[in-house]
Amino acid sequence: MTPEGRALLLEGGTALGLDLTPQAEGFATLLTLLTEASAKMNLTSLRGEREIVLKHFVDSLTCLRGGWLADAGQVGAGQGDTGQVLDLGTGAGFPALPLALLRPDLSITALDATRKKVEFVGRAAAALGLSNVQPLVGRAETLGREPQQREGYDRVVTRAVAALPVLAELALPFLKTGGLLVAQKGPLTPEELDAGTRAAAEVGGAVRQVDAFTLPVTGDARTLIVVEKVAPTPERYPRREGVPGRKPLF
Ligand code: SAM
């Protein structure tokens, strides 16, 4: 990473209230790994140091806004909770890898339907010495029905994966009651929020916060939506592969 890239990383971190100095070396390694891998396969649409630093690294860390992940080990009044976090649709590892660099206390499962992306996440985690990242290949619709996965997590994070009603159906089955979905999105329309709120209610969730903000340095519009699981998800959800996306609940 160039001195300019490092300065942007630290500036972005400061704007989020984070001192990224201790992790700067790790982010530099991740930049190298991502750049080398992207030259060989289609991993991410972002190219170049500035875009990757700001729109992958700093953007990923915006999931820490509001402190919703701060007490992942204490969800549900400490009843068997272990800080289990699922990154649903992690792609090349975002937000999973930046989050794991900052939060060794969290155990992060990085799930994606595309095998080559998940394999990259596994290689990157190993190279970075991140033993708190577990790569997982599969579709959320299928894994969300497996007994080891369903209700297995304290938090689900997800960035740029689907519209809110689709996310609610895919993510809520993975959460324990009392757990939180922390969804990172671009601008959110009132229509998407309304449909997402109704879909969340259908699968046992309630919207707790909608945090609209701008990404440090770039000024791009972002929204962090927090949904709490307040009741078990009915057995019929998630519907079979592809249906939540094709026919959203609302
Ligand atoms: N979260 C990453 C990021 O912010 O860079 C990747 C975003 S990419 C636009 C969306 C990812 O979600 C893709 O890698 C896709 O394979 C994955 N995805 C979409 N629907 C999925 C599903 N139902 N189950 C598992 N992965 C899914």
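Hydrogens, waters and symmetry mates play no part in the numbers below; they use all other heavy atoms, side chains included. Note that the coordinates shown come from a computational prediction; the quantities given were computed from them, not determined experimentally. Start at 1 and go down the list; that is how both ligands and their atoms are numbered.
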Ignoring hydrogens and geometry, is there a side-chain-to-backbone donor-acceptor pair from [X] to [Y] under 3.5 Å?
{"X": "T90", "Y": "D112", "value": "no"}
{"X": "K229", "Y": "K176", "value": "no"}
{"X": "E141", "Y": "V243", "value": "no"}
{"X": "N132", "Y": "R103", "value": "yes"}
{"X": "R145", "Y": "E235", "value": "yes"}

Any idea which protein heavy atom is nearest [atom], and the distance to it?
{"atom": "atom 19 (C) of ligand 1", "result": "V161 CG1, 3.9 Å"}
{"atom": "atom 14 (O) of ligand 1", "result": "D112 OD2, 2.7 Å"}
{"atom": "atom 8 (S) of ligand 1", "result": "A160 O, 3.8 Å"}

* Are G242 and ligand 1 in contact, using a heavy-atom cut-off of under 4.0 Å? ->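 Flag not set, G242 not near ligand 1.
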* To do: Tell me, please: is T90 in heavy-atom contact with ligand 1, that is, under 4.0 Å?
  =>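 Per 4.0 Å heavy-atom rule, T90 contacts ligand 1.
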* To do: Report the part of E141 (side chain from C-beta onward, or backbone N, CA, C, O) that has a heavy atom under 4.0 Å from ligand 1; answer both or neither where that applies.
  =>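 Just the side chain.
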* To do: Could you tell me whether H56 approaches ligand 1 through its side chain, its backbone, both or neither, with non-hydrogen atoms closer than 4.0 Å?
  =>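 Only the side chain of H56 comes within reach of ligand 1.
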* Test item: side-chain donor near acceptor, T109 and Q84, under 3.5 Å ->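 Absent: no donor and acceptor within the cut-off.
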Quick check: [X] and ligand 1, any N/O pair under 3.5 Å apart?
{"X": "R159", "value": "yes"}
{"X": "A140", "value": "yes"}
{"X": "F94", "value": "yes"}
{"X": "A113", "value": "yes"}
{"X": "G89", "value": "yes"}

* Looking at atom 21 (C) of ligand 1, would you say a protein heavy atom lies below 4.0 Å from it? -> no
